[in-house]
Amino acid sequence: MEFAILGPLEVRTDGGERVRLGGVRQERLLAALLLNAGGAVPVARLVDAVWDDRPPATADRQVRNLAGLLRRAFHRADPAGPPVLQTDGRGYRILLDGHRLDARTFADAVARSRRTTAAGEPSAAAADLREALALWRGPVLDGLAGRAITAGAVPLDELRLTAWEDCLDLEAALGRHRAGVPELTALVADHPLRERFVGQLMRALHASGRTADALAAHRRFTTRLADELGLDPSPELRRLHLELLTSAAGREDGPRPVPDGGPDDRRDGGVRGDHGAAPPTARAAPPRPAQLPPPLATFTGRAAELAALDGFADAAALPADPGSPDHATDPDHATGPDGAGSAPGGPAARICAVSGSAGIGKSTLVVQWAHRQRDHFPGGQLYADLHGFSPEPPLPPHAVLARFLRALGVPGEQVPSVPEEAAALYRSLLAGQRVLVVLDNARSAEQVRPLLPGAPECLTVVTSRSGLAGLTARDGARPLALDLMPARDAVALLDRVIGGRRARSEPTAVSELAAVCGRLPLALAIAASRLAERPGRTVADHVAELRDTGDRLTALAIDGDATSAVRAALDLSYRALPATARTLFRLLSLAPGPGLSAAAAAALCGERAAVVRPVLEQLTTAHLLTHEGGDRYRLHDLLRLYAAERADAETGRAVRAAARERLGSWYLHHADAAARLLTPHRRRIPLTAPGPWYEPPAFGTAAGAQRWCESEHTQVLQVVRAAAANGADDLAWRLPVVLWSYYFTSPHLDDHEEAARLAVAAAGRAGDRYGEGHARNDLATVLGALGRHDETLAELRLARALFASIGDRNGEAHVIGNLGDHSLSTGAYGQARLYFQGALALLRAQPEDLRDDWAIRVCETNIGVTAMWAGRDREAGEYLHRALDRHRSTGDPVLESFTLYYLADHNRRLDRPEQAAERLRQALALIDGTTGNPRLRADVVAALADLGEGRHA
């Protein structure tokens with residue numbers, strides 16, 4: 001379905017048929033939702049959109065009715081189409097999956113044009129913007145009035161005008177001045193106070209030979225700006241006006257500017273003779289250095305990083321050309337006592353430190369950016385590869401200074417041999433000049449510092465695999481850390497190297513290739529180049545080769561160019577680490593998932609977290625590990641492969657096995673600590689004590705335990721998978737069983753089912769009937785939540801038989817209680833009651849020291865629920881109120897919140913909506929104050945909404 005708001009509101013089916021929405025109120029409601037497409041809009045805001053300041057008393061209900069009318073209209077128009085309108089908490093949201101919205105298409109085209117602009121393709125960028133602007137059919141939601149709709153349209157209108165301005169700038173840069181004059185004249189008439197349009201019109205008129213008209217446009221604008229707003233034009237427009245005046249006055253015989261380095265350039269210290277000729281003894285000015293390596297022809301993406309570098313250069317606010325007459329008399333540019341030309345209060349040097357892991361594309365990015373910026377540095381560009389992470393030893397600063405001094409015109413024999421004197425001469429030669437200095441592949445801040453210019457006019461960009469924190473702290477460097485390429489850019493790089501037609505023929509395989517290469521630019525370039533050399537090979541075959549090979553790092557290399565291999569690049573970073581960091585890096589590959597916490601990393605090492613955190617920071621600084629925020633770290637795919645390779649080669653099998661065992665034990669005991677907080681009265685399975693290295697978890701509340709479980713649930717599943725695969729069956733069944741208290745309330749039912757099935761298989765392999773009984777009972781719980789009743793019943797019967805065979809009466813009673821849950825969910829209320837009573841009898845018959853009071857209270861609550869659903873209201877009330885009192889006296893907020901929810905249902909059935917709502921509010925407050933139980937909370941919020949109490953959620 002197509003939604004259009006860039007003009008009058010329209011909705012059409014994919015076949016082009018217009019969807020009839022009904023009255024103006026439905027249109028206003030839909031307009032408000034489309035202006036916030038993808039986000040939930042509360043009912044209160046929708047009321048404002050439909051009625052402005054005068055909503056009726058029944059406005060909330062009418063909004064829901066209007067939403068229902070819209071749903072029916074969409075369904076009639078496209079019965080088989082994906083859903084459009086979704087209830088979301090206290091409001092509604094428009095779902096655009098499978099649908100189109102012209103405003104989103106417009107925004108995507110504008111964003112694409114910006115990326116294309118950053119990639120140096122102005123013609124394509126202008127075409128993207130023209131395509132985006134063609135989507136507009138008039139003002140946003142033309143014909144629909146209302147304060148909320150008008151306010152929501154403002155950002156889109158502003159984005160349209162900005163896109164128009166960007167488009168006209170791009171077309172002007174392509175020389176399309178005369179063609180833009182009519183369009184700009186109309187735009188200035190429609191937006192007379194929009195200064196950028198006025199400036200664009202002035203430039204277009206001037207470039208078309210109509211300078212007088214351009215000056216007249218300036219007069220009209222400044223007069224209106226002063227009359228209506230009392231303001232003056234911006235400095236940029238004033239400069240443009242001055243340029244045009246100068247051009248008009250000096251077109252015939254006026255003075256010409258002297259080119260840089262011409263006869264008026266006195267920076268070499270020469271003195272002009274009577275006729276402007278330099279005396280014979282004056283030395284000719286040296287050529288400006290232009291040492292940048294060539295840019296990479298296949299450079300793709302990195303728009304955000306290029307923009308960040310541009311922003312850094314802009315923020316540096318470089319002073320005016322020091323050779324200009326104004327500079328000589330401007331006190332703000334007076335040369336300091338050291339002759340370095342630093343501005344008072346300004347920085348002594350401007351530095352940007354670009355860091356990232358091996359193969360991430362630091363050098364390629366900086367060289368590409370430097371070529372785009374070179375016109376801003378008339379003094380030239382100096383470049384040096386410092387070999388900080390190379391097969392060759394790092395270059396000493398003095399060797400680099402000697403190269404730079406020779407490039408700046410100092411004869412080799414006059415280069416000072418003392419490093420300090422060479423650095424001083426280097427700074428003196430750069431004083432007052434605008435020079436771009438690129439220091440590539442630096443090892444440390446100490447290697448870089450002697451090479452920093454002292455002049456504020458100069459800009460220095462450093463690349464390194466190290467974070468160079470010292471350069472940031474002591475020298476004021478601005479850091480820019482590179483991450484892996486976004487998936488879209490990675491695909492674009494592959495597309496550019498192997499050819500667009502080939503990539504378009506296998507789009508899925510190209511995306512898979514980007515993933516297999518870990519979105520690492522070096523790996524992407526190698527894989528693409530190997531494909532480009534073999535035009536008959538499919539991308540899918542290459543992906544299969546990389547996936548199937550046991551040595552992907554070897555496959556990501558170029559024959560005859562060992563230095564370009566991914567492994568070789570990572571070797572250089574790894575070998576530069578201290579021994580403790582190398583050891584930890586290897587052990588991190590043993591974690592079954594890509595991410596883990598500092599405490600889990602400490603468990604791998606058998607150390608305390610405080611000992612391991614500084615080593616993690618060393619790896620992060622070396623860009624061999626990514627800090628994800630908080631206490632979590634991540635190894636990207638190719639680094640994991642490399643770390644595993646080094647672990648196999650350098651860490652013994654027994655050491656690796658012990659590390660895996662410690663990590664599994666850490667997760668098991670943290671999960672047990674969480675379960676004791678989530679369901680403190682539930683009986684636990686026995687665990688062996690952890691080793692002396694173990695530190696208890698930081699969380700000490702049920703809410704903290706819930707957060708830990710939620711943040712680690714994916715990693716826990718990976719641990720269970722790895723334990724099952726590596727033969728650690730005891731861990732593989734215990735960890736899911738211990739985590740039942742989290743899984744019972746978790747919305748991640750698929751993960752719960754997989755973990756439970758792994759636990760069943762592991763306990764079965766180990767011949768552990770006790771473990772298999774618990775695992776099958778837990779599997780039945782999640783199967784019941786998924787509505788798979790036949791499978792649930794089969795697992796419960798097996799679990800009951802297992803517990804009965806070993807004489808575990810508490811375990812058998814738990815299963816019988818779950819058989820009651822199964823009967824309850826299928827409507828067999830009489831059978832459910834018998835099961836619950838049977839479980840109660842078995843539990844109460846246990847000796848006092850083995851009696852499971854928590855399970856007894858669960859059964860009593862469930863008998864009350866059974867009576868309620870069977871229509872025995874009086875009995876239900878007695879059981880539920882008695883259960884509530886017992887849960888409260890025991891201090892069990894989990895069972896208390898469940899019982900409050902059921903008591904609310906009981907009151908609703910008795911037509912007591914106020915009492916029902918009060919019970920629900922009590923349950924919600926209890927849930928939010930403890931574990932935040934997401935599944936029960938969703939049920940409570942939905943029940944409140946049904947009672948018209950959604951605002952309390």
Side-chain angles (χ1 to χ4, degrees), residues 668-669 671-689 702 730 733-741 743-744 759-760 763 766-781 795-824 831-866 878-896 898-899:
L668 182 61
H669 285 88
D672 184 61
R676 291 176 186 277
L677 290 167
L678 293 173
T679 52
H681 304 285
R682 189 171 184 265
R683 292 179 70 85
R684 311 286 160 206
I685 64 170
L687 302 177
T688 57
D730 190 66
W733 79 255
R734 287 183 188 274
L735 186 50
V737 168
V738 164
L739 269 181
W740 178 91
S741 299
Y743 280 135
F744 178 61
V760 167
D768 191 327
R769 295 185 182 183
Y770 173 80
E772 188 178 350
H774 277 289
R776 289 194 181 277
N777 193 35
D778 286 359
L779 177 58
T781 301
E795 291 298 335
L796 288 172
R797 286 171 176 167
L798 287 169
R800 184 178 184 181
L802 285 163
F803 282 127
S805 71
I806 59 175
D808 187 335
R809 299 302 176 220
N810 277 324
E812 190 177 356
H814 274 262
V815 176
I816 294 171
N818 283 338
L819 283 166
D821 281 338
H822 173 264
S823 298
L824 192 60
Q831 186 65 46
R833 182 183 179 85
L834 290 175
Y835 276 130
F836 291 136
Q837 288 176 334
L840 268 177
L842 201 57
L843 290 165
R844 287 170 175 163
Q846 297 304 301
E848 187 172 349
D849 61 327
L850 297 177
R851 190 171 299 151
D852 191 339
D853 179 68
W854 181 85
I856 290 172
R857 288 187 287 111
V858 170
C859 285
E860 290 175 340
T861 304
N862 286 338
I863 290 174
V865 175
T866 305
E878 291 174 356
Y879 267 98
L880 290 173
H881 281 102
R882 185 163 60 245
L884 181 65
D885 291 341
R886 289 201 62 196
H887 302 327
R888 283 176 170 171
S889 65
T890 312
D892 192 333
V894 174
L895 292 184
E896 181 184 349
F898 272 102
T899 308

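Using a 4.0 Å cut-off between a side-chain N of Lys or Arg and a carboxylate O of Asp or Glu, R809 and E812 qualify as a salt bridge. Between E860 and R882 there is no salt bridge, since no side-chain nitrogen of the basic residue lies less than 4.0 Å from a carboxylate oxygen of the acidic one.
Interatomic distance, L798 CG to N777 CG, rounded to the nearest 0.5 Å: 11.5 Å. Rounding to the nearest 0.5 angstrom, the gap separating the OH atom in Y879 from the OG1 atom in T866 is 10.0 Å. Atom CZ in R886 sits 5.0 Å away from atom CG in D853 (nearest 0.5 Å). We find the CH2-CD1 distance between W733 and I685 to be 4.0 Å, quoted to the nearest 0.5 Å. Expressed to the nearest 0.5 Å, how far CG of L819 lies from CG of L834 amounts to 12.0 Å. If you take CD on Q837 and CD1 on I863, they are separated by 5.0 Å, rounding to the nearest 0.5 Å.
Checking side-chain atoms of N810 against main-chain N and O of L850 turns up a donor-acceptor pair under 3.5 Å.
Between W740 and R682, some side-chain heavy-atom pair lies under the 4.5 Å cut-off. Residues T861 and H887 have side chains in contact (heavy-atom distance under 4.5 Å, counting atoms from C-beta outward). Looking at D778 and P736, their side chains never come closer than 4.5 Å, going by heavy atoms from C-beta outward.
Residue R683 qualifies as enclosed at atom CZ: its count of foreign heavy atoms under 6.0 Å is above 12.
Across G817 and A839, no two heavy atoms sit closer than the pair N-CB, 3.8 Å. Across every non-hydrogen atom of L668 and V738, the tightest pair is CD1-CG2, 3.9 Å. Shortest non-hydrogen contact noted between G773 and L802 is N-CD1, 3.8 Å. Residues A832 and L824 approach most closely at CB-N, 3.7 Å, considering heavy atoms. Pairing each heavy atom of N818 with each of T781, the nearest pair is ND2-OG1, 4.0 Å. The shortest heavy-atom contact between R684 and S741 is NH1-OG, 3.7 Å.
Of the residues listed (R769, R776, H774), the one engaging E772 in a side-chain hydrogen bond (donor to acceptor under 3.5 Å, both in side chains) is R776, and it is the only one.
Between H814 and W854, the angle of the ring planes stays under 30°, which puts this pair in the parallel group of the 30/60° scheme.
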**Study point:** Verdict with reasoning, L678 to V894, per side chain to side chain contact (heavy atoms under 4.5 Å, CB included)
**Key:** CA-CA 8 Å; L678 293 173; V894 174; 5.7 Å; no

Check your understanding: Could you go step by step and tell me if R888 and L884 meet the side chain to side chain contact (heavy atoms under 4.5 Å, CB included) rule?
Key -> CA-CA 6 Å; R888 283 176 170 171; L884 181 65; 3.7 Å; yes

**Study point:** Evaluation steps, side chain to side chain contact (heavy atoms under 4.5 Å, CB included), between T679 and D892
**Key:** CA-CA 8 Å; T679 52; D892 192 333; over 6 Å; no

Practice item. List the steps and the verdict of side chain to side chain contact (heavy atoms under 4.5 Å, CB included) for H669 and L687. Key: CA-CA 8 Å; H669 285 88; L687 302 177; 4.2 Å; yes

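Taking the ring axis of F836 as reference, the NZ or CZ atom of R833 does not stay both within 45° of it and closer than 6.0 Å to the ring centre.
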